[in-house]
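See below for the structure under consideration.
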Amino acid sequence: MSFDDLRRRYARFAPRYDDAFAERQLPKFEALANCLPSPLPTPALDLGAGTGLAGRLLGAPFVMLDASRAMLRHARGMRVQGAFEALPFADESFALIWAVTAVTEFTDPAPSLGEMARVCRPGGYLALTLLKQDDVVTAEAMLTDLGFVLERRYDFDQEFGYVGRFRP
C-alpha cells in the first residue's frame, strides 16, 4: 500500500478509530508500559500516533507523529505529520520510541527502523509491535544490528511486542 493510500484510508477512519480500537489496544499498551520506567521516559515519540490514543490511555505526554493529518486532528498535544522513513527530528532526540501497531505491512523495514535508532538517545527505550504476517525475524535482526537490545518479547495474538534499550 502506498503512503498516499494509507493516508486516505486513515483519513476516512479517523472519527471512529478510538471507539473501534481502544479496547483492543489497551492490553498491549499496558503490557509494554509495565516494562518501562514509571513515569515513562521523556521526551517520548509515538510513531503512528493516530488520534493520540496511547498518550490518552497511558497518561503520557508523547510527541505524536502520524502520516494522517485527519487522525492527528483528533489528538491533543505536540503533533507532527510525517513518514517513518524520514523522521523530522534531530539525532538522539527521544528517551522513548513508542511504535505500537504502527510498523505494519512493510516490504523493507530498514528505513523505518534505522530512523528509530537515529532519533533514540543512547540508553533510551523502544516499545514496538510487529505484525506476525510480516518478516519479524528480519526486523528483529535489524533492530539488534542497529543497537537495540530486545529485553522482552510478547505474543499479542496477531502481533509480537518488544521492549528494548538502545545501546549503540
Side-chain angles (χ1 to χ4, degrees), residues 1 3 6 10 17 21-22 24-58 60-68 71 75 80 82-89 91-168:
M1 176 178 312
F3 185 71
L6 183 67
Y10 278 106
Y17 185 86
F21 289 103
R24 185 183 323 178
Q25 293 290 72
L26 183 59
K28 289 186 278 188
F29 292 169
E30 289 176 336
L32 296 169
N34 285 337
C35 293
L36 296 166
S38 181
L40 293 179
T42 57
L45 174 63
D46 183 359
L47 291 176
T51 62
L53 184 62
R56 280 195 306 282
L57 292 178
L58 296 174
F62 287 109
V63 173
M64 296 168 278
L65 182 130
D66 201 275
S68 170
M71 291 287 276
V80 178
F84 295 178
E85 300 84 12
L87 297 176
F89 306 107
D91 295 357
E92 301 180 3
S93 293
F94 297 97
L96 169 62
I97 308 298
W98 182 274
V100 177
T101 316
V103 181
T104 60
E105 302 171 17
F106 57 78
T107 53
D108 179 9
S112 297
L113 299 179
E115 281 292 277
M116 288 181 207
R118 183 184 66 76
V119 301
C120 192
R121 292 180 178 166
Y125 293 87
L126 171 71
L128 168 76
T129 62
L130 299 170
L131 292 176
K132 290 180 180 178
Q133 72 189 26
D134 290 328
D135 185 359
V136 295
V137 172
T138 298
E140 287 177 15
M142 285 180 189
L143 286 165
T144 300
D145 290 346
L146 289 165
F148 287 103
V149 177
L150 302 177
E151 298 171 345
R152 295 290 303 263
R153 184 177 191 219
Y154 291 92
D155 187 335
F156 295 126
D157 190 31
Q158 297 177 350
E159 295 171 87
F160 287 119
Y162 306 89
V163 174
R165 297 289 299 269
F166 187 51
R167 304 201 187 276

| said: Evaluate Met116 against Leu45 for side-chain contact (heavy atoms from CB on, under 4.5 Å), listing each step before the verdict. | reply: CA-CA 9 Å; Met116 288 181 207; Leu45 174 63; over 6 Å; no
| message | Going by the rule side chain to side chain donor-acceptor pair (under 3.5 Å), which residues pair with Thr144 if we only count those two or more places apart in sequence or in a different chain? | response |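 Expected list: none.
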| message | Going by the rule side chain to side chain donor-acceptor pair (under 3.5 Å), which residues pair with Asp91 if we only count those two or more places apart in sequence or in a different chain? | response |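 Partners of Asp91 by the side chain to side chain donor-acceptor pair (under 3.5 Å) criterion, ordered by chain and then number, come out as Arg118.
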Measuring from [X]:[atom1] to [Y]:[atom2], what's the distance to the nearest 0.5 Å?
| X | Y | atom1 | atom2 | answer |
| --- | --- | --- | --- | --- |
| Leu47 | Phe84 | CG | CZ | 5.0 Å |
| Leu128 | Leu32 | CG | CG | 8.5 Å |
| Met142 | Asp135 | CE | CG | 7.5 Å |
| Leu130 | Leu113 | CG | CG | 7.0 Å |
| Trp98 | Met64 | CH2 | CE | 14.0 Å |
| Ile97 | Leu126 | CD1 | CG | 7.5 Å |

| query | Partners of Arg165 by salt bridge (Lys or Arg N to Asp or Glu O under 4.0 Å), sequence neighbours excluded? | reply |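 For Arg165 there are no salt bridge (Lys or Arg N to Asp or Glu O under 4.0 Å) partners, ignoring immediate neighbours.
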| In chain order, what residues pass the salt bridge (Lys or Arg N to Asp or Glu O under 4.0 Å) check against Asp157, with sequence neighbours excluded? |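 Asp157 satisfies salt bridge (Lys or Arg N to Asp or Glu O under 4.0 Å) with no residue once adjacent residues are dropped.
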Can you list everything that forms a side-chain contact (heavy atoms from CB on, under 4.5 Å) with [X]? Sequence neighbours excluded, please.
| X | answer |
| --- | --- |
| Pro61 | Thr42 |
| Pro27 | none |
| Pro168 | Pro122, Phe166 |
| Arg152 | Cys35, Tyr154, Val163 |

[Y] side chain reached by [X] side chain, heavy atoms, under 4.5 Å:
| X | Y | value |
| --- | --- | --- |
| Phe160 | Asp155 | yes |
| Phe89 | Val63 | yes |
| Val80 | Pro88 | yes |
| Arg121 | Glu92 | yes |

| query | Please, which pairs that meet salt bridge (Lys or Arg N to Asp or Glu O under 4.0 Å) have at least one residue in residues 27-43, sequence neighbours excluded? | reply |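 For residues 27-43, and leaving out neighbouring residues, the salt bridge (Lys or Arg N to Asp or Glu O under 4.0 Å) pairs sorted by first residue read Lys28-Glu159.
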Taking all non-hydrogen atoms of both residues, which atom of [X] and which atom of [Y] are closest, and how far apart?
| X | Y | result |
| --- | --- | --- |
| Ala54 | Asp46 | CB-OD2, 3.6 Å |
| Ala75 | Gly50 | CB-O, 4.1 Å |
| Gly48 | Ala102 | CA-CB, 4.0 Å |
| Ala33 | Leu58 | CB-CD2, 4.0 Å |
| Asp66 | Ala49 | OD2-N, 3.4 Å |
| Leu146 | Ala117 | CB-CB, 4.0 Å |

| query | Do other residues, nucleotides or ligands put more than 12 heavy atoms under 6.0 Å from Glu151 CD? | reply |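 Yes, because the 6.0 Å sphere around CD of Glu151 holds more than 12 heavy atoms from other groups.
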| query | So with a 6.0 Å cut-off around CZ of Arg24, is the heavy-atom count from everything else above 12? | reply |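 Not more than 12 within 6.0 Å, no.
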| query | Are any side-chain N or O atoms of Ser93 and backbone N or O atoms of Val119, one a donor and one an acceptor, separated by less than 3.5 Å? | reply |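 No, the answer is negative, given that no donor and acceptor are paired below the 3.5 Å cut-off.
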| Would you say Glu115's side chain and Leu87's backbone share a donor-acceptor pair under 3.5 angstrom? |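 It does hold such a pair.
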| task | Could you name each residue pair satisfying ring pair (Phe, Tyr, Trp, His ring centres under 6.0 Å) that touches residues 39-58, not counting sequence neighbours? | result |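 Listed by first then second residue: nothing to list.
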